[in-house]
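Right, one structure below, let's go through it.
Computed from heavy atoms alone, side chains included, the values below leave out hydrogens, waters and symmetry copies. Model, not experiment: these values are computed from the prediction.
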Amino acid sequence: MVGPQYLLNHLPIGIVMLDSDYRVVSYSESAQVIFGEGNLRKSLGQQIQSIHPEHSRDKVEWLIEQARREESSAYASMLINVPDTVLQLRLVQLANADSNAGYCLILYDITDLTSHPADPSSPGRTLAKIPISTRGRTALVAIDQITLLRANGHYTDVCVNGTHYFCGIPLSQLEARLNPDEYVRVHRSFIVNLAHAEGIDRHHDQFLITMNGTCAHQIPVSRAHAGKLRHLLGL
């Protein structure tokens, strides 16, 4: 069985060099594999945003802004899902004697650290772990430890043992890569792990599902999702 240390030592890493206006100047062979050679070749001379799917471009703009700010850390980092691949992006500003010489975009393909192997009968890889940000680093949390996921704009709050963590992947993209019979969308803002469900209450016409542990919440169940939830719970 392949262990996490092996995966870390063989983590695919790509390099894309940008000029001071964020145009692609050159790239490594491994970056071609991650993004597809055609995409990178067509992007030469174009701004880096053009490589990414439209739903990720706002995030890339944020990453650039963080790297540009003098008060930011040595590098800016973020996660994106493209769409069956989980990437951690780090952008480092380069300098020469005169001014900003451009940027180095480093791509870490952490798909194998976060996903089950592809199932031929499945449309894509399902997540085994979800990357979260904690104490300035990225941690990987096993999905069975997660109580619920809550939409936070283009991002997601991940609840584990009563604590909420930031995940840079939108709720809709996480939903597409989780087992829908275990991790159930009950509301446009919430996905719950049924293994952590304690009870169902009804208040007037509104169903509420109670989650256990120190992350106890009563989560609203929308009418559009109530039928599937009741079916899965045998109600």
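Every residue meeting the side-chain contact (heavy atoms from CB on, under 4.5 Å) condition with Q206, not counting sequence neighbours, appears here in chain and number order: L208, P220. For Y155, the side-chain contact (heavy atoms from CB on, under 4.5 Å) test picks out K59, F166, with sequence neighbours left out. The side-chain hydrogen bond (donor to acceptor under 3.5 Å, both in side chains) test applied to S26 returns no partner, not counting sequence neighbours. Residues meeting the salt bridge (charged side-chain N to carboxylate O under 4.0 Å, His left out) test with R23, sequence neighbours left out: D19, D21. By the side-chain hydrogen bond (donor to acceptor under 3.5 Å, both in side chains) test, E175 pairs with R185, sequence neighbours left out. Scanning for side-chain contact (heavy atoms from CB on, under 4.5 Å) contacts around A224 gives S222, with sequence neighbours left out. Here R223 pairs with D205 under the side-chain contact (heavy atoms from CB on, under 4.5 Å) rule; sequence neighbours left out. By the ring pair (Phe, Tyr, Trp, His ring centres under 6.0 Å) test, Y22 pairs with Y103, sequence neighbours left out. By the side-chain hydrogen bond (donor to acceptor under 3.5 Å, both in side chains) test, H187 pairs with no residue at all, sequence neighbours left out. By the side-chain hydrogen bond (donor to acceptor under 3.5 Å, both in side chains) test, N152 pairs with D157, sequence neighbours left out.
A donor-acceptor pair is defined here as one N or O able to donate and one able to accept, closer than 3.5 Å; such a pair exists between the side chain of Y183 and the backbone of I143. A donor-acceptor pair under 3.5 Å links the side-chain atoms of S30 to the main chain of I13, judged by distance alone. At distances below 3.5 Å, at least one donor-acceptor pair connects side-chain atoms of T156 with backbone N or O atoms of I169.
In this structure the side chain of T210 never reaches within 4.5 angstrom of the side chain of I200, judged on heavy atoms. Under the 4.5 Å side-chain criterion, counting only non-hydrogen atoms from C-beta, Y165 is not in contact with I130. In this structure, L174 and L127 have side chains that are in contact, with non-hydrogen atoms separated by less than 4.5 Å. At least one side-chain heavy atom of L94 sits under 4.5 Å from a side-chain heavy atom of C104. The shortest side-chain heavy-atom distance between T147 and N193 does not fall under the 4.5 Å cut-off. Contact check for Y27 versus Q32: side-chain heavy atoms found under the 4.5 Å cut-off. Side-chain contact between L105 and I15 is absent, with no heavy-atom pair separated by less than 4.5 Å.
Closest heavy-atom contact between A31 and L107: CB-CD1, 4.2 Å. Heavy-atom minimum distance, C167 versus P131: SG-O, 3.3 Å. Pairing each heavy atom of D201 with each of Q218, the nearest pair is OD2-NE2, 2.8 Å. Pairing each heavy atom of L194 with each of D181, the nearest pair is CD1-O, 3.8 Å. Pairing each heavy atom of Y108 with each of R90, the nearest pair is CE1-CD, 3.8 Å. Annotation for L148 and I219: closest pair CD2-CD1, 3.9 Å, computed over non-hydrogen atoms.
Residue pairs meeting the salt bridge (charged side-chain N to carboxylate O under 4.0 Å, His left out) criterion with at least one member in residues 224-235, sequence neighbours excluded, do not occur.
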TODO: Show the numbers, then the answer: is there a side-chain contact (heavy atoms from CB on, under 4.5 Å) between I209 and F190?
DONE: CA-CA 11 Å; I209 183 167; F190 291 99; over 6 Å; no
Task: CA sep, side-chain torsions, deciding dist, call: R188, H225, side-chain contact (heavy atoms from CB on, under 4.5 Å) - done: CA-CA 9 Å; R188 61 188 176 90; H225 297 94; 5.8 Å; no
Task: Worked check of side-chain contact (heavy atoms from CB on, under 4.5 Å) between L178 and L149 - done: CA-CA 11 Å; L178 292 169; L149 303 168; 3.8 Å; yes
TODO: Begin from the C-alpha positions of V184 and I191 and carry the test side-chain contact (heavy atoms from CB on, under 4.5 Å) through to its verdict.
DONE: CA-CA 5 Å; V184 181; I191 293 173; 5.8 Å; no
